[in-house]
*Asks:* 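Mind having a look at this structure? Questions to follow.
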Amino acid sequence: MPTRAYASTEDLGPLACVIAPPPDETFAEKEARFKIEAEAKRVSDAIDDDIERQRTAEKKGPKPVRVLLLGQSESGKSTTLKNFQLMQDAKAFRAERSSWRILIQLNLVRSIRVILDAIARSYYPSTRSPTKDPNSSSTSPSTSPPSHDVPLPAEHYLDPGLLELRLRLNPLLQVEEKLARRFMVPELDSQEKARQGAREVAVNSTVAWKDVFSKLVPRRHSSEDCDNIDWDDPTDPGRVLHECAHDMKRLWKHPIVQELLERQNLRLEEMAGFFLDEIDEVTSERYEPTNTHILKARLKTLGVSEHRIRLNAVGGGLGRDWRIYDVGGHRSLVSSANAHVRRALITLGRDVLEEAPKVNRLEDSVMLWSSIVSNKLLQHTDIILFLNKCDIMKTKLSSGIRLKDYVVSYGNRPNDFDSAASYLRKKFAGIMKEDSPLQRTFYCHLTTVTDTLSTQKVITSIKDMLMRDNLKQSTLLL
Ligand SMILES: Nc1nc2c(ncn2[C@@H]2O[C@H](COP(=O)(O)OP(=O)(O)OP(=O)(O)O)[C@@H](O)[C@H]2O)c(=O)[nH]1
Ligand SMILES: [Mg+2]
């Protein structure tokens with residue numbers, strides 16, 4: 001039985017004062033306290049033993065494969081991580097669907113808000129939109145090109161059908177407010193806030209966000225599917241969404257809204273977390289997100305988060321532990337890389353045909369790539385480049401958008417995907433050759449990480465390469 005000798009009150013430090021038993025403690029209270037203390041010590045010792053066992057096992061066994069995901073914000077780092085998690089344990093991934101469900105609903109409501117704000121801007125073209133208030137919980141798309149406050153002809157914005165729709169969709173905004181308030185992280189820097197016009201739903205790496213989400217929806221019992229959601233709960237936000245589904249579709253398809261979005265240069269379908277074409281599915285009464293929906297869901301990451309997964313070895317041998325570090329945003333990328341010595345680093349590029357307010361996305365990717373490959377601390381690290389969002393690039397090129405308008409040096413090369421991809425590969429390979437302090441192999445994959453099948457093939461080839469190379473002390477940085 002643990003014992004504690006208490007000195008006289010004058011000898012007690014501030015902590016001892018707090019934990020000291022009351023001076024008038026009875027015998028029974030003392031017994032109860034000893035029991036609690038003994039149990040706490042048992043738990044604490046068990047945790048210590050567990051940590052020690054893990055440490056010893058890690059020392060004895062093969063070192064975990066460490067992978068760092070780097071890239072600009074919205075380049076697809078967290079989506080790549082989701083693919084790793086899906087590969088590791090599809091069942092566990094399924095079990096988290098109730099948490100993703102809420103996020104997807106939030107993404108959908110956010111798109112509706114963007115439309116409602118665009119309508120509001122057309123009423124008051126010379127004023128700022130209601131979402132420009134950084135303290136507002138409303139969100140606007142971070143991927144949106146700068147919108148132009150173009151007024152609509154009066155007969156359009158006074159269209160009674162549109163006015164009625166706006167009123168009918170008001171409850172949705174309250175749902176968004178309620179959900180988003182739980183997630184808004186007041187740590188976005190002011191530059192980022194200005195870029196977004198308002199806060200985006202974000203999660204800090206220190207927050208167990210899936211727990212937070214799951215608490216928003218009463219659960220029945222834990223299970224591997226969405227059955228752990230109490231579908232009859234009257235406060236489930238899914239109910240409001242279901243009731244508003246028809247109005248959401250009418251708003252999105254409304255010809256005046258389409259005209260307005262076009263005038264304001266708002267291409268919602270290119271924005272992260274776009275579910276307006278899947279309203280029926282997302283708002284259905286017992287909605288369970290598919291893997292594709294989960295990969296499309298957008299939740300901005302803040303900070304660096306570590307994820308531990310175990311992947312099977314090549315040919316079915318003993319698996320290996322992997323530590324994957326997801327670095328939110330694009331700030332302090334290289335210093336993050338230095339802080340975590342890695343076996344692998346994956347960097348992802350964004351859609352190069354996207355207009356950014358100040359700098360062309362390709363230039364942005366080139367600068368980032370150059371700063372990583374030239375970093376002396378990473379000179380022994382092999383780096384794997386994902387040129388991501390190839391689906392978007394393919395669609396844009398085939399719709400007639402010309403790469404040379406974004407990348408002058410592309411010149412008069414053919415404007416098809418294969419030529420563009422080959423040009424970009426060569427460009428990044430050339431930078432590595434020129435800027436890297438030591439010669440190293442250029443690994444590059446053209447990816448669409450929202451496509452599970454193709455991404456899993458890429459990950460498998462990377463996994464096999466890393467596991468084969470486990471005796472080599474080289475480091476791969478993604
Ligand atoms: N169409 C398409 N969308 C993608 C692709 N990769 C990612 N996305 C989407 O882009 C959005 C942003 O992806 P994330 O994985 O959250 O980006 P991130 O790099 O983690 O961004 P931060 O957390 O801000 O650092 C998500 O909605 C993804 O579903 C892709 O290859 N194609
Ligand atoms: Mg992220």
Side-chain angles (χ1 to χ4, degrees), residues 67-86 100 103-104 106-108 110-111 139 141-144 183 185 187-189 191-193 195-196 199-205 207 209 267-278 282 289-307 324-333 336 345-354 356 361 364-365 368 385-397 417 421 445-456 458-459 478:
V67 173
L68 180 69
L69 299 168
L70 287 184
Q72 298 133 309
S73 184
E74 288 194 12
S75 58
K77 299 178 294 294
S78 301
T79 315
T80 304
L81 172 68
K82 286 181 206 170
N83 276 287
F84 272 100
Q85 290 167 330
L86 182 62
W100 290 111
L103 178 64
I104 292 164
L106 196 49
N107 283 175
L108 172 62
R110 182 167 165 255
S111 297
T139 54
S142 55
T143 45
S144 61
F183 277 88
V185 185
E187 293 167 24
L188 296 185
D189 62 32
Q191 220 183 344
E192 185 78 351
K193 275 184 192 164
R195 189 175 79 82
Q196 296 181 6
R199 283 175 294 177
E200 191 189 0
V201 182
V203 69
N204 194 303
S205 50
V207 174
W209 72 270
R267 290 189 288 267
L268 296 193
E269 49 286 338
E270 285 172 22
M271 292 169 193
F274 173 78
F275 289 98
L276 284 172
D277 281 344
E278 284 129 313
V282 175
T290 57
N291 287 345
T292 310
H293 279 187
I294 296 176
L295 291 176
K296 270 179 69 177
R298 165 65 176 158
L299 182 65
K300 185 183 178 71
T301 320
L302 299 176
V304 182
S305 51
E306 185 197 76
H307 302 263
I324 302 181
Y325 301 85
D326 182 4
V327 182
H330 56 279
R331 285 168 292 160
S332 318
L333 289 176
S336 303
L345 168 76
I346 298 174
T347 68
L348 297 100
R350 278 186 72 161
D351 165 24
V352 295
L353 296 173
E354 185 190 325
R361 288 285 172 220
D364 205 18
S365 297
L368 172 61
L385 173 67
F386 279 18
L387 286 171
N388 193 37
K389 301 204 172 181
C390 284
D391 57 329
I392 298 181
M393 184 152 116
K394 269 183 202 159
T395 311
K396 285 187 176 174
L397 290 175
F417 176 75
H445 294 274
L446 298 164
T447 56
T448 296
V449 297
T450 40
D451 176 348
T452 327
L453 274 183
S454 65
T455 309
Q456 301 220 339
V458 172
I459 291 180
L478 290 209

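Counting starts at 1 for both ligands and their atoms, following the listed order. Heads up: numbering here begins at 1 and tracks the sequence.
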*Asks:* Quick one: look at Asp391 and ligand 1, take heavy-atom pairs under 4.0 Å, and tell me if it's side chain, backbone, both or neither.
*Replies:*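 For Asp391, only side-chain atoms sit under 4.0 Å from ligand 1.
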*Asks:* Quick check for you: to the nearest 0.5 Å, what is the distance between Leu276 atom CG and Arg110 atom CZ?
*Replies:*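 Output value for this atom pair is 11.0 Å.
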*Asks:* To the nearest 0.5 Å, what is the distance between NZ (Lys394) and CD1 (Ile392)?
*Replies:*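 The CD1 atom of Ile392 is 12.0 Å from NZ of Lys394, to the nearest 0.5 Å.
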*Asks:* Please indicate whether any nitrogen or oxygen in Thr448 is less than 3.5 Å from any nitrogen or oxygen in ligand 1.
*Replies:*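 In this structure, Thr448 places no N or O atom under 3.5 Å from an N or O of ligand 1.
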*Asks:* Working to 10°, measure the angle at the Mg ion (ligand 2) formed by atom OG of Ser78 and atom OG1 of Thr301.
*Replies:*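 Value, to the nearest 10 degrees: 90°.
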*Asks:* Which value, rounded to the nearest 0.5 Å, describes the distance between Asn107 atom CG and Lys296 atom NZ?
*Replies:*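 Asn107 atom CG to Lys296 atom NZ measures 9.5 Å (nearest 0.5 Å).
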*Asks:* Can you list the ligand 1 atoms lying under 4.0 Å from a non-hydrogen atom of Lys300?
*Replies:*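 Near Lys300, the atoms of ligand 1 are 23 (O), 24 (O).
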*Asks:* Check each of Leu295, Thr447, Leu302 against atom 29 (O) of ligand 1 and report the one with the nearest heavy atom.
*Replies:*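 Nearest option to atom 29 (O) of ligand 1, by heavy atoms: Leu295.
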*Asks:* Does Gly76 reach ligand 1 with a nitrogen or oxygen that is under 3.5 Å from one of the ligand's nitrogen or oxygen atoms?
*Replies:*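 N/O-N/O distance below 3.5 Å exists for this pair.
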*Asks:* Of the backbone atoms (N, CA, C, O) and the side-chain heavy atoms from C-beta on, which set of Ile392 has a member under 4.0 Å from an atom of ligand 1: side chain, backbone, both, or neither?
*Replies:*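 Just the side chain.
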*Asks:* Indicate the atoms forming the closest heavy-atom contact of Gly76 with Asn388, along with that distance.
*Replies:*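 Here Gly76 and Asn388 meet closest at CA-ND2, 4.0 Å.
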*Asks:* Using side-chain heavy atoms (C-beta onward) and a distance below 4.5 Å, is Asn83 in contact with Gln456?
*Replies:*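 They are in side-chain contact.
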*Asks:* Quick one: are Thr450 and Thr79 in side-chain contact, heavy atoms under 4.5 Å?
*Replies:*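 In contact.
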*Asks:* Non-hydrogen atoms of Gln72 versus ligand 1: any pair closer than 4.0 Å?
*Replies:*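 Judged by the 4.0 Å heavy-atom criterion, Gln72 does count as contacting ligand 1.
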*Asks:* At less than 4.0 angstrom from any non-hydrogen atom of Ser73, what atoms of ligand 1 do you find?
*Replies:*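 Reading through ligand 1 atom by atom, the close ones are 21 (O), 22 (P), 24 (O), 25 (O).
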*Asks:* Can you list the ligand 1 atoms lying under 4.0 Å from a non-hydrogen atom of Gly273?
*Replies:*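 Within the 4.0 Å cut-off of Gly273, ligand 1 contributes 27 (O).
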*Asks:* Looking at side-chain heavy atoms only, is the closest gap between Leu295 and Val449 below 4.5 Å?
*Replies:*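 When only atoms from C-beta onward are counted, Val449 and Leu295 do not touch, as no gap falls below 4.5 Å.
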*Asks:* Which value, rounded to the nearest 0.5 Å, describes the distance between Leu70 atom CG and Asp326 atom CG?
*Replies:*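 Going from the CG atom of Leu70 to the CG atom of Asp326 covers 9.5 Å.
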*Asks:* Judged by non-hydrogen atoms, does Gly71 sit under 4.0 Å from ligand 1?
*Replies:*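 So Gly71 does not count as touching ligand 1.
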*Asks:* Quick one: OG1 on Thr395 to CZ on Phe417, what's the gap to the nearest 0.5 Å?
*Replies:*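 Here the rounded value is 10.0 Å.
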*Asks:* Could you say whether the N/O atoms of Thr79 and ligand 1 ever approach to under 3.5 Å?
*Replies:*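 In this structure, Thr79 places an N or O atom under 3.5 Å from an N or O of ligand 1.
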*Asks:* Pairs of nitrogen or oxygen atoms closer than 3.5 Å, one from Leu299 and one from ligand 1: do any exist?
*Replies:*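 In this structure, Leu299 places no N or O atom under 3.5 Å from an N or O of ligand 1.
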*Asks:* Evaluating non-hydrogen atoms only, which member of His293, Lys389, Met271, Arg298 is closest to atom 9 (C) of ligand 1?
*Replies:*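 Checking each option, the heavy atom nearest atom 9 (C) of ligand 1 is found in Lys389.
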